Number of protein chains: 2
Amino acid sequence: MNKKLEHKLKDNSIKPTAMRLLVLKFLTEQNKAVSLQDIELAFERADKSTLFRTLKTFENSKIIHSIEDGTGHLKYALCLEGCSCSPIDLHYHFHCNMCKETFCLTELNVPTIELPKNFEMQQANMVIKGICGTCK
Amino acid sequence: MNKKLEHKLKDNSIKPTAMRLLVLKFLTEQNKAVSLQDIELAFERADKSTLFRTLKTFENSKIIHSIEDGTGHLKYALCLEGCSCSPIDLHYHFHCNMCKETFCLTELNVPTIELPKNFEMQQANMVIKGICGTCK
DNA sequence: AAAATGATGCAAGTGAGTTGCAAAGTTTAT
DNA sequence: ATAAACTTTGCAACTCACTTGCATCATTTT
């Protein structure tokens with residue numbers, strides 16, 4: 001397990017420090033997108049700025065992607081195998097207004113969107129808000 | 001013109017004060033979504049918190065809708081006639097990475113999204129990022 | 001005309017995100 | 001193996017958008 005995570009980092013030229021492995025492991029275990037603060041709470045010993053920089057590092061290497069779900073807390077979630085966070089394999093996110101959790105709806109691909117002439121899509125942030133299955 | 005704006009407010013049980021009419025007029029004249037600061041700059045005499053509350057009032061009455069475009073500045077744009085900001089007439093937004101402007105792509109409706117079982121959609125925040133036609 | 005209600009402006013607070021810098025830990029070259 | 005170079009980490013402090021409390025002013029109701 002840890003070997004796998006370690007490789008994931010090495011493959012992206014990220015030094016697999018203890019901290020980074022812990023954060024990556026934590027992210028792997030979630031079935032929802034988490035905020036910097038969620039991670040802070042999970043690792044009370046760790047410093048906010050270290051975690052912040054760790055997340056930015058992961059994000060730059062496309063190991064995770066971030067979602068602005070409207071809560072004011074940027075959320076992070078693991079990219080799936082092959083997810084290059086490019087328009088092609090973009091997915092929707094769902095934010096539950098009740099439990100306040102944000103999930104990746106990875107099974108639903110965003111359809112190709114017919115943009116106006118000359119517009120070029122580079123990234124997207126798609127958040128659907130409502131009530132999730134558990135809270136319903 | 002002003003009469004029309006005044007009616008728009010009255011129809012939504014909002015007192016048409018001078019300030020509110022000015023802000024509504026300003027919003028009507030834009031072809032892009034604007035931030036609180038954009039409005040602050042347009043009306044140097046007005047106070048930030050007044051403008052803030054004005055926007056919240058408009059938003060609550062569904063006269064305008066807000067978009068988180070990832071810039072860290074919440075943007076506001078007029079709802080179109082009949083736009084109730086409900087899932088049905090939801091549209092995409094486009095944020096240009098070059099000129100940093102955010103537009104409503106009102107001509108493109110968001111398709112019905114097949115959510116997981118028991119999930120209920122209430123609102124959405126759809127932002128496509130890239131290069132707009134003018135900057136291309 | 002007085003009381004109640006609502007809008008506005010100022011100042012100050014909140015809080016997520018971010019940065020500078022020094023200390024600790026790693027790697028590389030000698 | 002050791003010193004020099006580089007990277008990561010932790011602390012503190014800062015930024016900046018947004019938000020709130022409260023007193024004042026305006027408007028509406030009684």
Side-chain angles (χ1 to χ4, degrees), chain A residues 5-6 8-10 12-26 33-61 63-77 95 100-102 125 127, chain B residues 5-6 8-10 12-26 33-61 63-77 95 100-102 125 127:
Chain A
L5 296 179
E6 216 175 306
K8 194 163 186 170
L9 293 184
K10 280 182 182 163
N12 286 282
S13 327
I14 298 171
K15 272 193 218 165
T17 64
M19 194 74 254
R20 285 172 176 167
L21 283 169
L22 280 172
V23 173
L24 183 57
K25 181 155 177 285
F26 179 75
V34 295
S35 67
L36 175 56
Q37 299 193 352
D38 292 333
I39 304 177
E40 254 187 290
L41 286 173
F43 304 101
E44 292 190 23
R45 299 277 311 279
D47 183 74
K48 190 174 49 158
S49 61
T50 303
L51 294 173
F52 171 75
R53 286 186 272 231
T54 298
L55 291 172
K56 287 297 166 211
T57 304
F58 287 0
E59 197 182 6
N60 284 337
S61 297
I63 292 176
I64 62 176
H65 61 273
S66 61
I67 312 122
E68 293 212 1
D69 61 9
T71 58
H73 299 52
L74 200 57
K75 299 285 169 61
Y76 300 89
H95 177 74
K100 313 292 180 196
E101 304 286 13
T102 301
N125 191 65
V127 182
Chain B
L5 296 179
E6 216 175 308
K8 194 163 186 173
L9 294 183
K10 280 182 182 164
N12 286 281
S13 327
I14 298 170
K15 271 194 218 163
T17 64
M19 195 74 255
R20 286 171 176 167
L21 284 169
L22 280 172
V23 173
L24 183 57
K25 181 155 177 285
F26 180 74
V34 294
S35 67
L36 174 56
Q37 299 193 351
D38 291 334
I39 303 177
E40 252 188 291
L41 286 174
F43 303 102
E44 292 190 25
R45 298 279 309 280
D47 183 73
K48 190 173 45 160
S49 60
T50 303
L51 294 175
F52 171 75
R53 286 186 272 233
T54 298
L55 290 172
K56 288 297 166 213
T57 303
F58 287 0
E59 196 181 6
N60 285 337
S61 297
I63 292 176
I64 61 176
H65 61 273
S66 62
I67 312 122
E68 291 212 4
D69 60 9
T71 59
H73 298 52
L74 199 58
K75 300 285 169 66
Y76 301 89
H95 177 73
K100 312 294 181 197
E101 304 286 12
T102 301
N125 192 65
V127 182

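To find a chain, count down the sequence lines: A is the first, B the second, and so on, and within it residues start at 1. Small disclaimer: the values here were computed from a predicted structure and weren't measured.
As rounded to whole Å, 14 Å separates atom P of dT26(C) from atom CE of Met19(A). Atom OH of Tyr76(B) is separated from atom C1' of dA17(D) by 10 Å (rounded to the nearest Å). Between the CG atom of Leu55(B) and the C1' atom of dT19(D) there is a distance of 13 Å, given to the nearest Å. Atom-to-atom, CZ of Arg45(A) to C1' of dA24(C) comes out at 14 Å; the value is rounded to the nearest Å. When rounded to the nearest whole Å, the span between CD of Glu68(B) and C1' of dA17(D) equals 12 Å. Whole-Å rounding puts the Phe52(A) CZ to dA13(D) P distance at 19 Å.
Each of His73(B) and Ile14(A) was assigned the nucleotide of DNA chain D with the nearest heavy atom; the assignment lying further toward the 5' end belongs to Ile14(A). When each of Ser49(B) and Gly72(B) is assigned the nucleotide of DNA chain D bearing its nearest heavy atom, the one mapping closer to the 5' terminus is Gly72(B). Take the nearest nucleotide of DNA chain C for Arg53(A) and for Leu36(A): the residue whose nucleotide is more 5' is Leu36(A).
Distances from the side chain of Asp47(A) to the nucleotides dG10(D), dC22(D), dT28(D) place dG10(D) closest. With dT8(C), dT7(D), dC11(D) as the choices, the nucleotide that has an atom nearest any side-chain atom of Lys15(A) turns out to be dT7(D).
For the residue pair Ser35(A) and Asp38(A), a side-chain donor N or O sits within less than 3.5 Å of a side-chain acceptor on the partner.
The phosphate of dT9(D) (OP1 or OP2) has a side-chain N or O of Thr17(A) nearer than 4.0 angstrom. At dT9(D), none of the side-chain N or O atoms of Lys48(A) fall inside 4.0 Å of OP1 or OP2 (strictly under the cut-off). In terms of phosphate contacts, Arg20(B) brings a side-chain nitrogen or oxygen within less than 4.0 Å of OP1 or OP2 of dA7(C).
Without hydrogens or angle criteria, Thr71(A) side chain to His73(A) main chain gives a donor-acceptor distance under 3.5 Å. Of the possible donor and acceptor atoms, one in the side chain of Asn125(A) sits under 3.5 Å from a partner among the backbone N and O of Glu68(A).
Phe58(B) and Tyr76(B) have their aromatic ring centers separated by at least 6.0 angstrom.
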